[in-house]
Amino acid sequence: MSGWEDVFDPEPVPEWLQAFDAAPVQAVDALLGRRFYFGPLNAAEPEELLVDWALLLSGNGFAGRLDEALTTWVEQNWGVF
């Protein structure tokens with residue numbers, strides 16, 4: 001997660017991003033399934049948070065990792081819902 005701390009300083013890195021760093025596909029699944037508690041950010045739509053973070057962290061490699069995780073999630077869940 002190198003560099004994410006600097007982006008969010010003085011606030012801590014959001015817990016979902018920490019979960020994503022540890023297990024990207026599982027974190028995406030929890031976000032899209034609305035099973036992740038975002039604490040003070042919980043009032044926001046998860047999809048909006050994801051877009052905001054993708055823009056904010058675009059220079060930190062997040063967008064590519066997110067693309068890979070979303071691709072895997074779609075492959076695993078296509079036709080399930």
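These numbers come from the heavy atoms of this one structure, side chains and all, not from hydrogens, waters or symmetry mates.
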Test side-chain contact (heavy atoms from CB on, under 4.5 Å), reference Glu15, set Phe36, Tyr37, Phe38, output is Phe36
Looking only at non-hydrogen atoms, find the nearest pair between Val28 and Leu66 and report the distance. CG2-CD1, 4.1 Å
Same cluster for Leu49 and Phe62 if Ile/Leu/Val/Met/Phe/Trp/Tyr side chains link at under 4.5 Å? yes
Residues Ala69 and Pro24: closest non-hydrogen pair is CB-CB, 3.8 Å
Quick one: are Val13 and Val7 in side-chain contact, heavy atoms under 4.5 Å? no
Taking atom CG of Leu41 and atom CD of Glu48, what is their separation to the nearest 0.5 Å? 12.0 Å
Atom pairs and distances, side-chain donor-acceptor, residues 50-58, under 3.5 Å, sequence neighbours left out:
residue: Ser58; atom: OG; partner: Leu55; partner atom: O; Å: 3.3

Shortest non-hydrogen contact between Leu17 and Trp4, atoms and distance: O-CZ3, 3.4 Å
Could you list the residues that satisfy side chain to side chain donor-acceptor pair (under 3.5 Å) with Gln26, not counting sequence neighbours? none
Which residues satisfy the side chain to side chain donor-acceptor pair (under 3.5 Å) test with Gln76, sequence neighbours excluded? none
